[in-house]
2 protein chains.
Amino acid sequence: MRKFSQQRAAIIEELSSVTSHPTASEIYNMVRRRIPNISLGTVYRNLSMLADDGAILRITTGEGTERFDADTSDHYHFCCSSCGRVSDLALPFCGELNRSVEEMTGAHVQRHSLIFYGECADCVALGRSGTA
Amino acid sequence: MRKFSQQRAAIIEELSSVTSHPTASEIYNMVRRRIPNISLGTVYRNLSMLADDGAILRITTGEGTERFDADTSDHYHFCCSSCGRVSDLALPFCGELNRSVEEMTGAHVQRHSLIFYGECADCVALGRSGTA
DNA sequence: TATGGTATAGTAATCATTACTGTTATTTTT
DNA sequence: AAAAATAACAGTAATGATTACTATACCATA
């Protein structure tokens, strides 16, 4: 049975306290304020376990590093190519898509990931472009 | 102006000859049959340039390594968690989604990526599960 | 044929992530 | 509540994909 460690609790709490979809090392720095000698490996291991359990979401944007989200409700993301930020979208979730793909392919579909890429409103306003 | 090198031509040709969405090192091995001393760095650099130019597609599945696709038409992908294969889906493409997100957020949306995850029909039939 | 620009091969470096090892914490059993 | 069993930890080393670097080679044009 899975044991309840302070480290795992702190990771969940810190991740739940933000909406910024932090990376593993950002979470590491957040948790270190509470548990100064926590190991980066511990953060990675717990994030993986939690994501595998479905307790948190792992977001793969392709911009180098994985990001994590404590909000496990079905939703989609936007990733800004200029500042690198990832934000939630209030787009309706299409659960039926999974069923469509199953019928179309015979595969067993577990989930899908929909990510939009571009320049966020802030970056557009500031005239930034291209450079992360 | 961008120069047309044999290496780049070979990379495009090899990638166009398959529908398997190979990784950079798979493409490296394919091209090496024709240009034995081509460098892995050359493959990576050309794949990046081609993807940036929109001449090929870069597919980020989150299963460790990036994959590439010579088919640049708008389409979606399925990624099998058991065998790791990535396949094309004949799902209708929703270009209007980009516009919706723009109106909703004020961002400038360039593209979106929709990937389905699960166990492909072959793996379901063979009773494999979980292990890549 | 000299010049400037782009690409290349080969190698070294980077960086996110994972694996390993001996120790500590948590749970379960007595 | 002590002991036994097991999961998790800290710290560090290893892995592996990707990028950067450097000196050389190719190609076009003046």
Side-chain angles (χ1 to χ4, degrees), chain A residues 1-15 21-53 55-69 79 81 84 86 130-132, chain B residues 1-15 21-53 55-69 79 81 84 86 130-132:
Chain A
M1 200 221 296
R2 186 142 286 173
K3 292 185 182 178
F4 181 84
S5 71
Q6 292 185 348
Q7 287 85 347
R8 183 170 314 138
I11 287 167
I12 295 177
E13 280 171 27
E14 291 295 330
L15 182 58
H21 313 88
T23 65
S25 72
E26 284 167 351
I27 295 166
Y28 174 53
N29 288 322
M30 291 159 69
V31 175
R32 265 209 289 192
R33 295 195 303 252
R34 296 169 53 174
I35 307 177
N37 70 330
I38 194 171
S39 164
L40 180 57
T42 296
V43 173
Y44 269 105
R45 179 165 25 77
N46 277 293
L47 288 172
S48 286
M49 285 179 6
L50 291 165
D52 291 347
D53 290 357
I56 65 172
L57 227 64
R58 189 200 317 264
I59 308 167
T60 303
T61 65
E63 308 281 310
T65 69
E66 304 274 311
R67 293 175 168 277
F68 297 88
D69 191 345
C79 174
S81 313
V86 173
T131 330
Chain B
M1 204 222 295
R2 185 144 288 174
K3 292 188 181 173
F4 182 84
S5 70
Q6 291 185 349
Q7 286 85 347
R8 184 169 315 138
I11 288 167
I12 295 177
E13 280 171 27
E14 291 295 331
L15 182 58
H21 312 90
T23 65
S25 71
E26 284 167 353
I27 296 166
Y28 174 54
N29 288 322
M30 291 158 70
V31 175
R32 265 209 290 192
R33 295 195 303 253
R34 296 169 53 175
I35 307 176
N37 70 330
I38 193 171
S39 165
L40 179 58
T42 296
V43 174
Y44 268 106
R45 181 167 23 77
N46 278 293
L47 288 172
S48 286
M49 285 178 6
L50 291 166
D52 291 347
D53 290 356
I56 65 172
L57 227 65
R58 189 201 317 264
I59 308 167
T60 303
T61 65
E63 308 281 309
T65 70
E66 305 274 311
R67 292 175 168 275
F68 297 89
D69 191 345
C79 175
S81 314
V86 173
T131 330

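Taking atom CD on Q7(A) and atom P on dG11(D), their separation rounds to 11 Å, with Å as the unit. When rounded to the nearest whole Å, the span between CE of M49(A) and C1' of dC9(D) equals 11 Å. Rounded to a whole Å, the CZ atom of R32(A) is 16 Å from the C1' atom of dC9(D). Atom CD1 of I35(B) and atom P of dA9(C) are 7 Å apart (whole Å). As a whole-Å value, the separation of Y28(B) OH from dT11(C) C1' is 12 Å. Here the P atom of nucleotide dA9(C) and the CZ atom of R34(B) are 14 Å apart, to the nearest Å. One interatomic measurement links the two molecules: CG of L47(A) to P of dA8(D), which rounds to 14 Å at whole-angstrom precision. Spacing between atom CG of L50(B) and atom C1' of dT6(C) amounts to 15 Å, rounded to whole angstrom units.
Looking at residues two or more places apart in sequence or on another chain, you find a salt bridge (Lys or Arg N to Asp or Glu O under 4.0 Å) between R34(A) and E13(A), E14(A).
In this model, the phosphate group of dA7(C) is approached by a side-chain N or O of R8(B) to a distance below 4.0 Å at OP1 or OP2. One finds a side-chain N or O of T42(A) lying less than 4.0 angstrom from the OP1 or OP2 phosphate oxygen of dA10(D). For S5(B) and dA7(C), the shortest distance from a side-chain N or O to OP1 or OP2 is not below 4.0 Å.
Residues T61(B) and C79(B) come closest through the heavy atom pair CB-SG, 4.0 Å. For the pair S25(A) and L40(A), the tightest heavy-atom approach, listed with the atom from each and the gap, is CA-CD1, 4.4 Å. Residue R67(B) comes nearest to V86(B) through the heavy atom pair CD-CG2, 3.4 Å, listed as atom of the first residue, atom of the second, then distance. In terms of heavy-atom proximity, Y28(A) sits nearest to I38(A) at CE1-O, 3.3 Å.
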Whether each nucleotide of nucleotides 17-30 of chain D has a protein heavy atom under 4.0 Å at its base (B), only at its sugar-phosphate (S) or at neither (-) is summarised, 5' to 3', as SBB-------B---
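Separating the CD1 atom in I59(B) from the OG1 atom in T23(B) is a distance of 11.5 Å, to the nearest 0.5 Å. One distance of note links CD1 of I56(A) with CG of L15(A); it measures 5.5 Å at 0.5 Å rounding.
Candidate nucleotides dC9(D), dT8(C), dG10(C) were compared by shortest atom distance to the side chain of N46(A), and dC9(D) ranks first.
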